[in-house]
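Accompanying notes for the structure given below.
Predicted model only: the values in this text are computed from it and were never measured. Within every chain, numbering begins at 1; the chains are lettered A, B, ... in the order of the sequence lines, protein sequences first and strands thereafter.
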There are 2 protein chains.
Amino acid sequence: MNKIHNFYVTMTSLSLLELRHLRTLAALDETGSVSRAAKRVHLTQSALSHQIKVLQNHYGLPIVRRQGQSIELTEAGKHLVALARRVLEEIQATERNLAKMSEHASGSLRIVLECHTCFDWLMPLMDAFRQNWPEVELDLVSGFHSDPIQLLEEGGADVVIGSEQVERRGIVHHPLFRFEILAVLAPEHSLRAKKILHAHDFAGETLITYPVPEERIDLIRTVLKAAGVQPERRTAELTVAILQLVASRRGVAALPSWGLKNYVEHDYVIARRIGSQGLWSDLYASTLAETATRPYLRDFLATARNTCFATLEGIIPLEPVEQQAPERQQGGETVMEKKRGRSIKRMNG
Amino acid sequence: MNKIHNFYVTMTSLSLLELRHLRTLAALDETGSVSRAAKRVHLTQSALSHQIKVLQNHYGLPIVRRQGQSIELTEAGKHLVALARRVLEEIQATERNLAKMSEHASGSLRIVLECHTCFDWLMPLMDAFRQNWPEVELDLVSGFHSDPIQLLEEGGADVVIGSEQVERRGIVHHPLFRFEILAVLAPEHSLRAKKILHAHDFAGETLITYPVPEERIDLIRTVLKAAGVQPERRTAELTVAILQLVASRRGVAALPSWGLKNYVEHDYVIARRIGSQGLWSDLYASTLAETATRPYLRDFLATARNTCFATLEGIIPLEPVEQQAPERQQGGETVMEKKRGRSIKRMNG
DNA sequence: ACATATCCATGAATAAAATTCATAATTTCT
DNA sequence: AGAAATTATGAATTTTATTCATGGATATGT
């Protein structure tokens with residue numbers, strides 16, 4: 001029936017464009033480089049290069065232009081990026097709606113912050129979240145907690161934002177990003193000539209930190225302890241207060257690179273790399289496995305990543321690393337095995 | 001460097017949604033059936049079934065509900081369809097912009113209509129086109145032409161909309177859709193009792209047609225000629241005029257199903273299938289190979305298909321059939337080989 | 001200036017996934 | 001009840017995206 005004729009006819013392939021491309025375009029725009037964008041979307045640089053090529057062939061237009069060490073979007077590229085922005089936003093919005101339909105969109109999201117500086121990006125994020133999930137009780141759990149993960153288990157909190165990543169049954173760690181911790185000095189400080197500071201440079205200095213135990217301070221834990229350097233400490237609650245103390249030469253500090261830009265540009269303080277590789281820290285959001293399935297939590301994480309990558313400079317995405325699958329039956333946590341998309345894979349042996 | 005830790009961490013797969021899914025959703029909504037939607041997007045029913053399943057699993061929500069012989073979109077499905085509509089429209093708009101950037105968006109689009117009834121859907125389409133491509137000279141080539149394809153070759157027209165599909169060098173045929181031609185009778189006509197009309201039923205009747213030669217009238221060419229039936233003919237220029245003549249019992253007609261619905265519902269006329277399989281006709285837009293590459297032509301075809309499928313009832317998509325690849329060098333027409341997307345393939349041997 | 005990172009492009013190999021095929025299950029219509 | 005039409009599903013297959021392995025090109029630093 002319906003016999004099919006036996007010869008070709010053109011069928012102009014209407015749009016080979018896929019959301020994947022739009023996500024790539026957005027990342028390209030945000031990072032200004034193919035390889036950085038690749039990290040951002042968890043693919044290789046090669047994959048993105050191929051994607052770009054396909055698009056350029058399809059539209060018969062250049063989309064990016066190689067500009068020395070990085071790239072620049074062409075006119076056409078900008079059009080596509082604008083499209084990507086709008087479309088991806090619309091998608092997020094309706095996915096939020098679907099999530100709200102799928103279960104009760106209520107619950108609590110009580111956040112423990114191990115990293116004080118994270119206030120900077122968390123505040124606006126929380127404001128946005130409140131709008132999208134009015135039914136969710138959103139809170140910051142204040143005060144110091146020696147074992148914040150335990151708080152999760154006890155039900156006293158729902159998310160811990162910190163850099164530890166202890167393997168602990170029933171707990172999942174959602175990678176956020178990696179950032180560099182820089183040493184902050186007064187512009188006239190005697191160490192100003194050095195491009196890179198090493199452990200011994202801190203000997204005899206006063207270290208200004210947030211009021212948390214030493215083990216929570218990366219500089220001390222991973223750099224100074226090992227070198228046997230033990231500077232004096234002085235604490236302040238707020239980032240601005242720390243910076244003010246540094247500027248007025250009461251001591252030096254070590255802070256995430258992203259919050260420093262403005263102050264450095266105005267010569268309020270200067271920032272220096274710590275160690276030749278730099279001192280880096282990874283940030284995770286940890287939750288109970290159960291909590292991880294909640295749609296509002298997933299939305300929270302998604303927008304956290306989005307806004308951080310869009311807002312914070314100099315941070316890099318973390319590879320989602322795979323947990324040594326808990327061999328035999330470990331309970332009902334098939335959650336992650338099921339829910340995760342295709343793109344979790346080892347990227348180096 | 002950057003040693004990678006050795007265990008898993010959840011990475012909530014952010015949206016496995018792709019445009020493919022949105023295109024499917026839109027088709028599902030328009031056709032109300034998985035198999036019809038499949039034809040619409042040139043995939044198998046199975047493929048769509050799988051797609052739907054994936055989406056439902058992903059969102060944890062039913063998207064379609066089986067409703068007897070066809071399907072119904074759920075609340076969630078409707079959300080997604082609404083998204084699809086907006087997104088696909090935005091994409092078409094920016095692709096139009098890109099097309100305009102890639103070459104001069106000017107030229108001419110002079111249309112020859114072999115099928116008179118096509119006026120019905122062509123008019124609004126032309127209006128829309130004029131808005132999007134103000135630089136393109138849009139015209140209907142009037143009058144009768146015995147060999148319209150020749151008009152293309154002579155440069156007197158740019159597109160022929162008709163049902164012939166003669167293989168001719170340098171000419172490409174873009175499939176539009178397949179539609180059924182129904183016999184139209186006055187409600188009191190003596191043949192009203194028959195569900196299906198056959199060739200001999202037309203003997204002794206007056207056939208009311210557009211004023212075109214017999215070879216252009218499918219009913220005569222493919223049904224009556226073969227049976228040696230030769231009814232009287234009477235012609236009218238406009239579809240409404242034909243219908244009026246039929247209603248006033250001056251004769252019978254054969255018209256595309258889509259334009260009849262309103263008249264049939266109001267009992268102005270009645271419509272009957274012709275032959276047990278029905279009488280079907282395929283519609284193609286034919287152009288020079290060269291014209292086929294113009295972005296405005298491709299846009300015209302795309303929106304033609306879109307609006308037709310959205311507007312006209314009872315039409316079905318045509319499989320893009322592959323031309324018996326012109327073995328050895330047949331000139332420069334690599335155009336279609338290059339430009340067409342992946343999805344041209346034989347779907348039944 | 002020369003070695004050394006970085007960065008992007010590209011072809012081939014590989015891995016992933018979407019689609020088809022074959023068939024079962026379900027519903028409707030006669 | 002049987003036939004026809006429609007959707008669902010598991011397995012096979014094809015198609016496609018992605019990685020891998022390089023090469024060339026552009027800075028970067030000593």
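Positionally, the nearest nucleotide of DNA chain D for A:Leu48 lies more toward the 5' end than for the other of A:Leu48 and A:Gln67.
In the region residues 74-84 of chain A, proximity to DNA chain D at under 4.0 angstrom, judged on heavy atoms, holds for none of the residues.
Between the P atom of C:dC8 and the CG atom of A:Leu73 lies a distance of 12 Å, rounded to the nearest Å. To the nearest angstrom, P of C:dT10 lies 9 Å from CD of A:Gln56. At whole-Å resolution of the value, CD in A:Glu18 and P in D:dT15 are 17 Å apart. The distance from atom CG of B:Asn57 to atom P of D:dG10 is 11 Å, rounded to the nearest whole Å. Look at CD1 on A:Ile52: it is 10 Å from C1' on C:dA9, rounded to the nearest Å. Atoms NZ (A:Lys39) and P (C:dC7) sit 7 Å apart, rounded to a whole Å. Atom C1' of nucleotide D:dG29 and atom CD1 of A:Ile196 are separated by 12 Å, given to the nearest angstrom. Spacing between atom CZ of A:Arg65 and atom P of D:dA25 amounts to 20 Å, rounded to whole angstrom units.
To the nearest 0.5 Å, atoms CE (A:Met101) and OG1 (A:Thr94) are separated by 10.5 Å. Atoms CG and CH2, from A:Leu312 and A:Trp258 in turn, are 5.5 Å apart once rounded to the nearest 0.5 Å.
Residues B:Ala292 and B:His174 share a closest heavy-atom pair of CB-CE1, 3.6 Å.
For B:Glu180, the salt bridge (charged side-chain N to carboxylate O under 4.0 Å, His left out) criterion is met by B:Arg273, not counting sequence neighbours. For B:Ser281, the side chain to side chain contact (heavy atoms under 4.5 Å, CB included) partners two or more places apart in sequence, or in a different chain, are B:Ser163, B:Phe179, B:Ile181, B:Asp218.
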Let me check something: any side-chain donor-acceptor pairs from residues 59-73 of chain A under 3.5 Å, sequence neighbours excluded? List them with distances.
{"residue": "A:Tyr59", "atom": "OH", "partner": "B:Glu95", "partner atom": "OE2", "Å": "2.4"}
{"residue": "A:Arg65", "atom": "NH1", "partner": "A:Glu72", "partner atom": "OE1", "Å": "3.1"}

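A:Asp201 places a side-chain N or O within donor-acceptor distance of the main-chain N or O of A:His198, the cut-off being under 3.5 Å. Between the side chain of A:Arg272 and the main chain of A:Arg192, a donor-acceptor pair closer than 3.5 Å is present.
Using a cut-off of 4.0 Å between Lys/Arg side-chain N and Asp/Glu carboxylate O, A:Lys261 and A:Glu265 are scored as salt-bridged. Comment: A:Arg85 engages A:Asp29 in a salt bridge, judged by a side-chain N to carboxylate O separation of less than 4.0 angstrom.
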I'd like a list of close polar pairs between nucleotides 11-15 of chain C and the protein, N/O only, cut-off under 3.5 Å.
{"residue": "C:dG11", "atom": "O6", "partner": "A:His50", "partner atom": "NE2", "Å": "3.1"}

Review item, nucleotides 3-7 of chain D N/O atoms under 3.5 Å of protein N/O:
{"residue": "D:dT6", "atom": "O3'", "partner": "B:Gln69", "partner atom": "O", "Å": "3.1"}
{"residue": "D:dT6", "atom": "O2", "partner": "B:Arg66", "partner atom": "NH2", "Å": "3.4"}
{"residue": "D:dT7", "atom": "OP1", "partner": "B:Val34", "partner atom": "N", "Å": "2.8"}
{"residue": "D:dT7", "atom": "OP2", "partner": "B:Ser35", "partner atom": "N", "Å": "2.9"}
{"residue": "D:dT7", "atom": "OP2", "partner": "B:Ser35", "partner atom": "OG", "Å": "2.5"}

| task | Check the pair A:Arg23, A:Glu18 against salt bridge (Lys or Arg N to Asp or Glu O under 4.0 Å), reporting the backbone distance first and the verdict last. | result | CA-CA 9 Å; A:Arg23 297 195 187 100; A:Glu18 282 293 343; over 6 Å; no
